[in-house]
Amino acid sequence: MQRDVNALFQGFEDTIVETGDTNLAVLTAGSGPAVLLLHGYPQTRATWHRIAPVLAGNYSVVVPDLPGYGDSRLTGAAQGMGSKRRMARRLHEMMMKLGHDHFIVVGHDRGGRVAYRMALDFPESVKALVSVTVVPTPEMWEGASKAFGMGAWHWFMMAQPAPLPEKLLAADPRFLIDLTLDKMAGGLEKLHPLALEDYRIAFDREEVRHMMCEDYRAGATVDEADDLADRTAGRRISAPVLLFWEEGRRYGGGREPLDIWADWADTIEGRGLRGGHLLQETSANEMLDLLIPFLRKNADASKG
């Protein structure tokens, strides 16, 4: 089924890739080294409409809806599917099926958490990592404060056992998603109308909202446990890492993003950008100014 927002992805093919217990809805275009773009909450693959078409001129660009988000359908129960390790496994399988043994992964928000899990679990495939407005999950919880709880209330509410958050979200989905995106973008008018409507249509669906809750439940349980196990064991991301964060934002109890990521990765660089949380939509040109040279520098390693 074609989505109206696909008009923003001219030249992209809309396909379904079957992987284990998930049928992933994927946009693909271009040729050359592979770049995988992963979106976050409460969005869909549409968030990359200002980035993906530019990259498709030089790269094989793959833009899926995360498992259970958008039009990516679970073929089994959603319980446990919020695990970033499990999502990473499905998306890695997808890339293999598309013929990309090596690739660069770019992840925003929840997709950023899947992206760094892929870099940890599949170092032979992930040749570079780009993380957008994300630091690892343990540092987020360890730095939680009153200010964090008031601003990121959904981290706590959506992690509650079913069906409490699902029932609360169902009361007025359009009000909630508009409230959330307005805050993230610094105004709904900064989002393309077709993209905004794609987010709304997905959020209208009960099964998508349920998967989002499973995502946050995993973030408060198994994801944190997996990350802590890796941190304790000294596992690090060997691939080069490019970071983008909200200018002026501090994480994990007031630490700089580069300092936090230095505990997890060997090679890091990055910059804070203006534009709020949805930098790929509100500050796309500024992102591309750094992203394109980074991809070019690491492209040869991602061929395959």
Side-chain angles (χ1 to χ4, degrees), residues 15-28 34-48 62-98 100 103-126 129-138 140 154-155 158-159 162 199 202-203 205 207-230 235 237 239 264 280:
T15 61
I16 299 293
V17 179
E18 296 183 9
T19 64
D21 45 17
T22 310
N23 293 338
L24 293 164
V26 190
L27 292 172
T28 59
V35 179
L36 171 62
L37 303 177
L38 302 178
H39 69 85
Y41 165 85
Q43 298 177 290
T44 68
R45 65 194 188 188
T47 194
W48 298 109
V62 181
V63 195
D65 288 321
L66 288 177
Y69 281 70
D71 283 342
S72 288
R73 297 286 184 263
L74 306 180
T75 57
Q79 186 172 5
M81 276 300 295
S83 159
K84 306 309 169 292
R85 172 161 276 155
R86 197 164 174 179
M87 287 191 188
R89 191 178 302 126
R90 292 291 171 257
L91 290 161
H92 180 263
E93 182 182 348
M94 175 197 74
M95 293 299 282
M96 298 301 104
K97 287 194 170 187
L98 290 172
H100 304 306
F103 53 90
I104 296 170
V105 59
V106 182
H108 170 252
D109 190 80
R110 309 309 289 181
R113 302 187 184 285
V114 179
Y116 78 73
R117 175 47 56 191
M118 292 182 82
L120 285 165
D121 287 359
F122 300 99
E124 71 287 353
S125 294
V126 176
L129 165 67
V130 181
S131 177
V132 185
T133 67
V134 163
V135 298
T137 299
M140 291 299 293
H154 61 289
W155 274 60
M158 294 177 70
Y199 308 147
F203 202 75
R205 295 201 291 267
E207 69 273 15
V208 171
R209 298 193 303 270
H210 176 52
M211 182 57 195
M212 290 174 173
C213 292
E214 287 295 305
D215 184 346
Y216 279 90
R217 288 180 186 120
T221 54
V222 65
D223 292 343
E224 184 185 28
D226 287 342
D227 285 2
L228 286 172
D230 284 343
R235 288 185 72 199
I237 296 170
W264 287 86
Q280 66 277 8

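The pair D121-R85 meets the salt-bridge criterion, with a side-chain N (NZ, NE, NH1 or NH2) lying under 4.0 Å from an Asp/Glu carboxylate O. Salt-bridge formation is not detected for the pair D223/R86: no Lys NZ or Arg NE/NH1/NH2 atom is positioned less than 4.0 Å from an Asp or Glu carboxylate oxygen. Electrostatic pairing of D215 and R113 does not count as a salt bridge here, judged by no charged N lying under 4.0 Å from a carboxylate O. A salt bridge links D71 with R205: the closest approach of a Lys/Arg side-chain nitrogen to an acidic carboxylate oxygen falls below 4.0 angstrom.
Put simply, the side chain of L91 reaches to within 4.5 Å of the side chain of L66, judged on heavy atoms. Using a 4.5 Å heavy-atom cutoff, the side chains of T44 and Y69 are not in contact. A 4.5 Å side-chain heavy-atom check between S131 and Y116 finds every atom pair outside the cut-off.
The heavy-atom pair separating Y199 from P42 by the smallest distance is CB-O, 4.1 Å. Looking at every heavy atom in both residues, A202 comes nearest to G70 through CB-CA, 4.1 Å. When every heavy atom of P67 is checked against every heavy atom of M81, the shortest pair comes out as CB-CE, 4.1 Å. Residue S83 comes nearest to A218 through the heavy atom pair N-CB, 3.5 Å, listed as atom of the first residue, atom of the second, then distance. Between P64 and R45, the shortest heavy-atom distance links the atoms O-CB, 3.5 Å. The heavy-atom pair separating E93 from E18 by the smallest distance is OE2-O, 4.4 Å.
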Derivation and outcome, side-chain contact (heavy atoms from CB on, under 4.5 Å), residues H108 and T133: CA-CA 6 Å; H108 170 252; T133 67; 3.2 Å; yes
Does R235 form a salt bridge (Lys or Arg N to Asp or Glu O under 4.0 Å) with D226? I'd like the steps, not just the answer. CA-CA 11 Å; R235 288 185 72 199; D226 287 342; over 6 Å; no
side-chain contact (heavy atoms from CB on, under 4.5 Å) for K84 and V222? Distances and angles first, verdict last. CA-CA 9 Å; K84 306 309 169 292; V222 65; over 6 Å; no
Any chance you could lay out the side-chain contact (heavy atoms from CB on, under 4.5 Å) test for F122 and M96, step after step, and finish with the verdict? CA-CA 12 Å; F122 300 99; M96 298 301 104; over 6 Å; no
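Geometrically, R110 engages W155 in a cation-pi contact defined by less than 6.0 Å to the ring centre and at most 45° from the axis.
Atom CG of N23 and atom CG of D65 lie 12.5 Å apart (nearest 0.5 Å). Atom CD1 in I16 sits 11.5 Å away from atom CE in M94 (nearest 0.5 Å). Considering OG1 of T22 and CZ of R89, their distance stands at 11.0 Å, rounded to 0.5 Å. The structure places CD of E207 at 9.0 Å from CG of L74, a figure rounded to the nearest 0.5 Å. To the nearest 0.5 angstrom, S125 atom OG is 7.5 Å from M118 atom CE. Put simply, CG on L129 and CH2 on W264 are 12.5 Å apart, with the number rounded to the nearest 0.5 Å.
T221 places a side-chain N or O within donor-acceptor distance of the main-chain N or O of R217, the cut-off being under 3.5 Å. Between the side chain of T75 and the main chain of D21, a donor-acceptor pair closer than 3.5 Å is present. Of the possible polar contacts, none joining the Q280 side chain to the W48 backbone as a donor-acceptor pair under 3.5 Å is found.
When T19, V62, V105 are each tested for a side-chain contact (heavy atoms from CB on, under 4.5 Å) with M95, only one passes: V62. Partner of L38 under the side-chain contact (heavy atoms from CB on, under 4.5 Å) criterion, chosen from V114, V130, V106: V114.
In summary, the aromatic rings of Y216 and Y41 are positioned with their centroids under 6.0 Å apart.
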